[in-house]
Amino acid sequence: MSEYNHKTVEKKWQQKWTSAEIFKASKDDKKEKFYCLEMLPYPSGELHIGHVRNYNIGDVLARYHIMNGKNVLHTMGWDAFGLPAENAAIKNKIHPAKWTKQNIAIMREQFKKLGFSYDWSREIASCDPQYYKWNQWFFIKMWEKGLAFRKSANVNWCPVCQTVLANEQVSEGVCWRCKNPTEHKELEQWFVKITDYSDELLSSHEQLSNGHWPEQVLSMQKNWIGKSYGAEVDFEVITKNKKSTLKIFTTRPDTLFGATFMVVAPEHKIIAELRSEIENLDEVSKYVAASGAKTNIERSQSKDKSGVEIKGIKAINPVNGAKIPIFAADYVLTDYGTGAIMAVPAHDQRDWEFAHKFNVSIVEVIKGENSSVANSAYEGSGKMINSGQFNGLSSDEALEKVIEWIEKQGFGKKTINFKFRDWLISRQRYWGTPIPMIFCPECGIVPVPIEQLPVKLPEDIEFSGEGESPLKTCKSFVDVKCPKCGADAKRETDTMDTFVDSSWYFIRYCDPKNDKEAFDVSITNYWMPVDLYIGGIEHACMHLIYARFWHKFLRDMGMINTDEPFTNLLTQGMVTLGGNVMSKSRGNVVSPDDMVDKYGADALRLFILFAAPAQKQLEWSSDGLEGCWRFINRVWRLQDIVNTKSSQPATPKDKEDLLRAMHKAIKKVTIDIEKKLQFNTAISSIMELVNTLYVYKFHSNDDGVSKEVYKNLIILLTPFAPHICEEIWQNLDTKGYASLARWSVFDEAMIKENNIEIPVQINGKLRGTINIEIDADEAAVKEAVDKNEKVKKHLEGKNIVKFIYVKNKILTLVIK
RNA sequence: GCCGAGGUGGUGAAAUUGGCAGACACGCGAGACUCAAAAUCUCGAGUUGCUUUGGCAACGUGCGGGUUCAAGUCCCGCCCUCGGCACCA
């Protein structure tokens, strides 16, 4: 057998698969479907190792299910809108569309060299008007249903460039281009009322739990949505000349008597409302401006809590009439709750720290067992003290009682609060889906008539990075006639968040060429939901919640018949380099090209799955890649061994051992792929089977045992290293493609051994092993122990206090 | 800061979910083959200390405690690293 040449073999089979269209999928009601999906990539222009890992996991699973007779849908496309294309346009004077298309072409070729089993005829790109047309259509439907609405919201603003900046374009409070400090600016923008689905997004977690989705993802989403029960309480606010109220939200109404000050977010409207009454307005205004430059994360991160007392105004604690000071502090966020809190320093650690810094009194109102508020807040439950008529109750009881009482007194009510916020989808950018709305001075907001969709992006645009969105200055785009009354009107120039594109692309894959509707329900209801979705854990909250929301919206539109889009989820760990996630923006990408060239796609694919479990973060190192390449060559050379007659015939025991190794490997690989999604151990057991074949290489091939084992080995290896397996498969006297071969079946009876080694522990230390028949009873175990010299030595002159035999596993003796 | 993960030999990791810690690899060392080297095949090894060279013993899964006949796995308290935090995707 000549040496293995991965270059010619890989190319040959990639071409064969393509021309025979073996991965082309079509609806077939008689066949069980399997929709295997990986999160679609952003076309950055370079495939990196993180991509290879993600798509390789999907490919192994898609191929495995094909070999198990399923009708598999496995697709690829491009999340093609977004900021980097626009940045490239500014930097390199290349049109975003051109840049994106070039990148797609490069990455498509890179994908093809890796031999992934995609049905390329279904490829989509979100920047294609035939795709984003439907974003616009959905948006109008949402608007009709009251799910899309306008509201004022902050954007990052660079006063020098006169432009809106993404969070990524602001670091440490300065603009990425001109390095001048940025500001916040209020703009009317489009929102989607995703919070209408808050409760359902939480409650349908039930059908995703029990192993379908990783618990950590469900937990993150739960906390992200952040449903909490509590009360809204109105505090009267007084000044020398005016009165007002401050509404707060608290999850701990039981601590109301301990409220010794109030804190409002720096953006809170009460500051403007009582402006004339504030004695230290300069100081307060300064603080508000400083907070405006910080992001929410920066605000919550700082260890030393900042804030300023708003002098001249006081709040009155409704339960005891106490006059308490009001502070503005940026640890209170404007968009959570009501943007104002009652501070209970005795029972909230943040309030405690703030009270100490600003010298505010601390009143203990809940006493736990041995609790003290001297060195930190006590956040647990206990007995009510200093709380008027509630004294003596347990705080848990008081929680309900206080709310009842507040409601009766009329200064508050029981509420449910969510951290979850409505989805701001407006972007003041060019490279995105135009929001299909028109502003008419007569009719107000009018949607673009459906038959005029798509609203296409104009192409002749200059990109400077300064000033307003390029769409805003494009007269041919902006100036339109009102579809209702024909008056001169203006087109909306905001484009959509790219998370819109990725919220339903997987449904479009089912019917990607449809130009009559977004998709044909009779087709999508066959393929959907996605059986297994694979992607990075970093998408646990945003993308995966948006997509779930979109699906529920489609269900309510009657366009899909399931509640959830993704039945099972595999969150792949990130590939890092130098401790950071590989990404083009970080500039730490490792390209697979050289590795594919030197060692072949099979070796790289094998290695990346062998290097670590799929869910775990992986610090990239190519050490070991060569080892996988050697393994592949070792598999190749086995062809000679199984085809060569040996002088030494195999004994029946040898044959039994070989077949046992084979059945064991089939079982392990099958369970690891299908049940555990644990590919590294699947590969290691394939390696063990190869090693076993080498151990028994002296076998005569007369009876075909080695060959049978080898054939099954190739089947097990095909999803991982498909190219070499096709080549070997063809060399064995077989028909058809290895990629379409039936998966091997194991026989439990062939795996079972008659005798097993049982470790013997004495007082917790391993002192020997005994060999017994499988399933032997305790009496037999005792007998074996008595016969074992090594173990007996340790037992001399001692009494056995405990004799614990865990069947077929371990024997533990406790002696004295 | 909040939420979610992770930490096991020189390295990547494994461990039937409480039952022989280190499978399978990388790297390393030794041997065979070779004029030689590479490739290949075979063998070896957690660390430390004894050793009559057969072995024997102690220690060992980020740190400190605990539960248990038995803990990488369970409980309590820490430390460090990473991801997400709503305009990167």
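Just so you know, these numbers use all the heavy atoms, side chains as well, and skip hydrogens, waters and symmetry mates. Just so it is clear, the model here is predicted, and its values are computed rather than measured. Chain letters run A, B, ... following the sequence lines, proteins first, then strands; residues in each count from 1.
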5' priority, RNA chain B, between A:Asn763 and A:Asn633 [closest heavy atom]:
A:Asn633
The answer to which of A:Lys676 and A:Arg350 contacts RNA chain B further toward the 5' end, by nearest nucleotide, is A:Arg350
Has A:Tyr197 got a side-chain atom pairing as donor or acceptor with A:Arg548's backbone, closer than 3.5 angstrom?
no
Under 3.5 Å, is there a donor-acceptor pair between the side chain of A:Asn223 and the main chain of A:Ser219?
yes
Report the distance from atom [atom1] of [X] to atom [atom2] of [N], rounded to the nearest whole Å.
X        : N     : atom1 : atom2 : answer
A:Ile756 : B:G19 : CD1   : P     : 15 Å
A:Tyr336 : B:C3  : OH    : P     : 12 Å
A:Asn5   : B:A39 : CG    : C1'   : 16 Å
A:Asp672 : B:A13 : CG    : C1'   : 14 Å
A:Lys305 : B:G1  : NZ    : C1'   : 7 Å
A:Leu604 : B:G12 : CG    : C1'   : 15 Å
A:Leu218 : B:G4  : CG    : P     : 12 Å
A:Ile632 : B:A39 : CD1   : C1'   : 17 Å

Sorted by chain and number, sequence neighbours left out, salt bridge (Lys or Arg N to Asp or Glu O under 4.0 Å) with A:Glu267 holds for A:Arg299
Taken in chain and number order and not counting sequence neighbours, the residues that satisfy salt bridge (Lys or Arg N to Asp or Glu O under 4.0 Å) with A:Lys227 are A:Asp199
What contact category does [X] fall into here, base, sugar-phosphate, or nothing, at under 4.0 angstrom with non-hydrogen atoms?
X        : answer
A:Lys668 : nothing
A:Ala540 : nothing
A:His794 : sugar-phosphate
A:Lys616 : sugar-phosphate
A:Val814 : sugar-phosphate

Can you run through RNA chain B from 5' to 3' and write each base as (, ), [, ], | or . depending on how it pairs? Watson-Crick or G-U wobble, both distances under 3.5 Å.
(((((((..(((......[....))).(((((.......))))).(((((....)))))..(((((..]....))))))))))))....
When you check every protein heavy atom under 4.0 Å of nucleotides 72-89 of chain B, what one-letter string (B, S, -) results, 5' to 3'?
----------SSSBBBSB
Summary of protein contacts for nucleotides 20-27 of chain B, nucleotide by nucleotide, where a base hit scores B, a sugar-phosphate-only hit scores S (4.0 Å, heavy atoms)
B--BBSSS
Nearest-Å distance once atom [atom1] is located in both [N] and [M]:
N     : M     : atom1 : value
B:A32 : B:A38 : C1'   : 15 Å
B:A86 : B:G27 : C1'   : 45 Å
B:U52 : B:C56 : P     : 15 Å
B:G22 : B:U61 : C1'   : 9 Å
B:C69 : B:U11 : P     : 35 Å
B:U17 : B:U67 : P     : 26 Å

Please table the atom pairs, donor to acceptor, closer than 3.5 Å between any side-chain atom in residues 611-618 of chain A and protein atoms at least two apart or in another chain.
none

Is the base of [N] syn or anti, if syn means a glycosidic angle within 90° of 0?
N     : answer
B:U17 : syn
B:G84 : anti
B:G6  : anti

Partners of [X] by ring pair (Phe, Tyr, Trp, His ring centres under 6.0 Å), sequence neighbours excluded?
X        : result
A:Phe610 : none
A:Phe499 : A:Tyr546
A:Trp431 : A:Phe81

Contact under 4.0 Å: A:Tyr694 side-chain N or O vs B:C41 OP1/OP2
yes
May I ask you to evaluate whether A:Gln678 reaches the phosphate of B:A15, defined as a side-chain N or O under 4.0 Å from OP1 or OP2?
yes
Reported CD1-to-CG distance for the pair A:Ile815 and A:Asn799, which is rounded to 0.5 angstrom:
9.0 Å
Do NZ/NE/NH1/NH2 and the carboxylate oxygens of A:Glu626 and A:Lys598 come within less than 4.0 Å?
no
Where the side chain of A:Ala612 is defined as all heavy atoms beyond and including C-beta, which of B:G4, B:C56, B:A13 is the nearest nucleotide?
B:A13
Report the residues that fulfil side chain to side chain contact (heavy atoms under 4.5 Å, CB included) with [X], sequence neighbours left out, ordered by chain and then residue number.
X        : result
A:Lys807 : A:Asp775, A:Tyr805
A:Met582 : A:His48, A:Ile49, A:Val575, A:Leu577, A:Asn588, A:Val590, A:Trp620
A:Ala665 : A:Leu689, A:Leu716

Check the side chains of A:Asn417 and A:Ser228 for a donor-acceptor pair under 3.5 angstrom, ignoring hydrogens and angles.
no
